[in-house]
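Accompanying notes for the structure given below.
Numbers restart at 1 for each chain; the letters A, B, ... are given by sequence-line order, proteins then strands. All values derive from a computational prediction rather than experimental measurement.
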Protein chains: 2
Amino acid sequence: MMRRTTEVTMGDIARMAGVSESTVSRALAGSSLVAAKTRQRISEIARNANFSINEQARNLALKQTRTIEVIFPIERGTLQQVSDPFFVDMLAVLTDELGKHGYDVLMSRSPPWDEDRPGCAFLGARADGVIFVGQGRHRSDIRDFARKHGKVVVWGAVSPGDDYCVVGSDNVGGARMATTHMLQLGRKRIAFLGDTDLPEMRQRFEGYCDALKAHDLPIDESLVIHTPFDIEKAREVSQPFVELFPRFDGIFACSDMIAIAAIANLRQAGIKVPEDVSVVGFDDIPSSAHVSPSITTVHQRIHRAGMLMVERLMGILEGGAPEPVVIETELIVRQSCGAH
Amino acid sequence: MMRRTTEVTMGDIARMAGVSESTVSRALAGSSLVAAKTRQRISEIARNANFSINEQARNLALKQTRTIEVIFPIERGTLQQVSDPFFVDMLAVLTDELGKHGYDVLMSRSPPWDEDRPGCAFLGARADGVIFVGQGRHRSDIRDFARKHGKVVVWGAVSPGDDYCVVGSDNVGGARMATTHMLQLGRKRIAFLGDTDLPEMRQRFEGYCDALKAHDLPIDESLVIHTPFDIEKAREVSQPFVELFPRFDGIFACSDMIAIAAIANLRQAGIKVPEDVSVVGFDDIPSSAHVSPSITTVHQRIHRAGMLMVERLMGILEGGAPEPVVIETELIVRQSCGAH
DNA sequence: TTGTACGCGTTATCAA
DNA sequence: TTGATAACGCGTACAA
């Protein structure tokens with residue numbers, strides 16, 4: 001992985017082995033053009049000389065990078081707050097899956113469109129493709145970028161009009177299940193906690209509305225609370241909301257983090273979950289099974305998602321134009337809804 | 001970031017501007033050797049032609065990569081379980097800080113020593129330096145690697161004998177504070193939950209022992225429970241442990257995740273936290289403030305840690321040999337210990 | 001089966 | 001102030 005201070009090159013190996021560089025190149029690539037015996041000898045010498053190929057030079061010659069840029073459009077400065085375990089899991093899957101295809105992962109937090117690189121103001125060719133993990137507030141930027149550069153796969157809300165490849169959970173269906181579940185438990189006045197400016201959350205809001213409509217219930221705007229993703233702020237925002245009790249008897253939270261924050265505030269106000277209020281979250285982060293009360297939530301199939309994204313990106317790199325995918329979600333019933 | 005299908009090169013720009021490639025190169029690098037007027041004109045042309053420099057070729061010529069490899073020695077296949085928010089935060093800080101110095105981050109889960117790369121079996125020179133986020137069970141591997149390649153900074157347990165640069169929290173001090181705190185609250189029989197095979201956890205165990213000794217209390221081996229990091233397994237392991245109650249009245253958990261798992265098991269068994277048992281965790285993950293009861297824990301200064309690691313790595317790249325750092329920890333008192 | 005010669009896109013050295 | 005020319009380390013037609 002690392003450059004040694006005194007780099008040994010193919011030329012060195014060639015000299016040691018008394019052959020040409022080309023032969024070394026072929027031998028190390030496992031080409032059948034080179035005699036098995038020669039190949040073995042060269043491999044041996046290379047190993048002993050502690051030779052490691054210079055990927056940079058190799059890639060330059062091959063006109064490839066064997067690298068995929070993974071971009072998490074996470075707001076800057078929100079350390080200790082964006083800590084959604086979702087990201088680690090996704091990153092782990094992507095790293096593994098891309099690795100299987102021989103690709104490295106280049107991390108990025110600054111999207112390609114803010115061109116404030118040090119030195120020169122131009123974009124560099126550092127990756128063969130890009131994966132955006134989340135569209136956030138940058139939907140149109142991403143669309144422009146995708147149009148321009150092609151090799152892009154995006155995690156997020158899948159919409160009919162997308163002209164680039166998006167992979168995402170069935171947010172609408174998941175939210176509908178969650179809300180319907182509480183309605184079936186007899187809850188009537190269900191609040192929505194989330195940030196409807198984000199497309200993914202917008203879809204969850206739609207599912208929430210669907211469920212209410214299907215039960216002939218009106219949407220009470222005063223129970224739709226614009227709650228940020230970040231757990232600290234979520235707690236702040238849901239603080240005054242709690243005082244609306246008993247105007248609500250159920251909460252659909254757009255994420256488990258928000259659910260955890262809301263429950264903390266409810267308990268502090270002496271309101272019992274799930275006795276007084278049912279709560280359902282979204283994501284199924286590990287903690288959600290282990291906090292008390294454990295959280296009923298909508299499970300996102302992250303592993304499958306990561307695999308599909310990589311599979312699709314590979315398809316694009318091979319010249320295909322894979323279809324977007326909506327991944328089904330699943331309701332995990334635990335304690336916070338009061339079903340048990 | 002991405003390679004365009006038809007790449008425009010410096011040669012193209014040179015031709016358009018009617019100058020040589022060298023001049024273009026200098027102009028774009030902002031060299032004062034080139035006439036201000038020429039430089040302006042070339043910049044203009046490059047911008048219009050939508051030119052982006054090929055970092056690969058540039059780096060090859062410069063004999064650098066402007067990339068740091070960040071390795072998370074996370075066990076494979078432990079998806080949905082390693083989801084420690086700690087990692088996201090650390091990754092975010094590292095990405096930002098390295099970015100400030102003009103470095104990209106290359107993610108990795110497979111350490112350099114398992115040489116099972118596809119294609120050829122040799123390591124590639126892909127990065128100017130390596131940051132290991134955690135030593136895990138690979139301490140000797142890391143030491144070998146560091147000796148061989150030099151440009152390495154490691155996050156983890158700082159020990160006197162280290163011959164490479166380690167940055168880590170004051171695990172001993174943190175654990176001592178945590179344990180002492182419970183002792184001062186009148187707890188006498190404090191259990192330890194953690195994996196003492198990992199050097200970081202080993203240090204926390206030492207701090208735990210220190211505190212007990214300082215209070216003339218013996219170390220009850222039956223209350224030292226080998227608990228894995230992973231929250232699912234932590235819950236399994238701490239299940240039978242709970243039955244030992246009332247042989248213990250306090251728990252020092254090596255991580256907040258373990259603390260959360262243990263509290264869930266205690267509650268399920270009808271044991272109250274903090275009334276019956278005090279619990280203190282480690283890490284101060286965001287959830288720990290928002291679960292109920294909120295968790296008293298030892299805060300790790302992740303932001304500072306990331307900054308220091310990058311600062312030190314930069315020092316090494318410039319030929320220095322920076323000292324290891326131990327970062328002080330802080331006890332955050334919340335509900336689970338029973339102080340309030 | 002192996003070697004020669006050139007190209008990948010950029011930077012650096014030396015002249016001019 | 002600018003322009004040839006030679007690296008940088010490797011892959012690959014083409015020739016041998």
Decide yes or no on side-chain contact (heavy atoms from CB on, under 4.5 Å) for F145(A) and V130(A), but give the supporting numbers first. CA-CA 10 Å; F145(A) 184 81; V130(A) 174; 3.9 Å; yes
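The CG atom of N59(A) sits 14 Å away from the C1' atom of dC8(D) (whole-angstrom rounding). If you measure from atom CG of L60(B) to atom C1' of dC8(C), you get 9 Å, rounded to the nearest angstrom. The distance between atom CE of M10(B) and atom P of dC8(C), rounded to the nearest whole Å, is 15 Å. What separates CD1 of I53(B) from P of dC8(C) is a distance of 17 Å, to the nearest Å. Rounding to whole angstrom units, CG of residue L62(A) and C1' of dG9(C) are separated by 15 Å. In this structure, the NZ atom of K63(A) is 15 Å from the C1' atom of dC10(D), given to the nearest Å. If you take CG of L28(B) and P of dG9(C), they are 16 Å apart, rounded to a whole angstrom. Between the CD atom of E21(A) and the P atom of dG11(D) there is a distance of 10 Å, rounded to whole Å.
Side-chain N/O atoms of S22(A) and base N/O atoms of dT4(C) include a donor-acceptor pair closer than 3.5 Å.
Expressed to the nearest 0.5 Å, how far CG of D141(A) lies from CZ of F132(A) amounts to 8.5 Å. For the atom pair CG (L313(B)) and CD1 (I131(B)), the distance works out to 5.0 Å, reported to the nearest 0.5 Å. The distance from the CD1 atom of I45(B) to the CZ atom of R15(B) is 12.5 Å, given to the nearest 0.5 Å.
Taking five base pairs at each end of the helix from dT1(C)-dA16(D) to dA16(C)-dT1(D), the local helix axes there meet at an angle of 40°, rounded to 10°.
The residues K100(B) and E97(B) are annotated as salt-bridged, a charged nitrogen and a carboxylate oxygen being separated by less than 4.0 angstrom. Using a cutoff of 4.0 Å between basic side-chain nitrogens and carboxylate oxygens, K151(A) and D128(A) are not scored as salt-bridged.
When the side-chain nitrogen and oxygen atoms of T38(A) are compared with OP1 and OP2 of dT1(C), none of them lie within a distance under 4.0 Å. An OP1 or OP2 oxygen of dT2(D) is reached within less than 4.0 angstrom by no side-chain nitrogen or oxygen of S20(B). Distances shorter than 4.0 Å separate some side-chain N or O of R58(B) from OP1 or OP2 on dT11(C).
Contact annotation for V24(A): no contact, since no heavy-atom pair falls under 4.0 Å across all strands.
Judged purely by distance below 3.5 Å, without hydrogens or angles, the side chains of S22(A) and S25(A) never pair a donor atom with an acceptor atom.
Along DNA chain D, the nucleotide nearest S25(A) and the nucleotide nearest A35(B) are compared for position; the residue whose nucleotide lies closer to the 5' end is A35(B).
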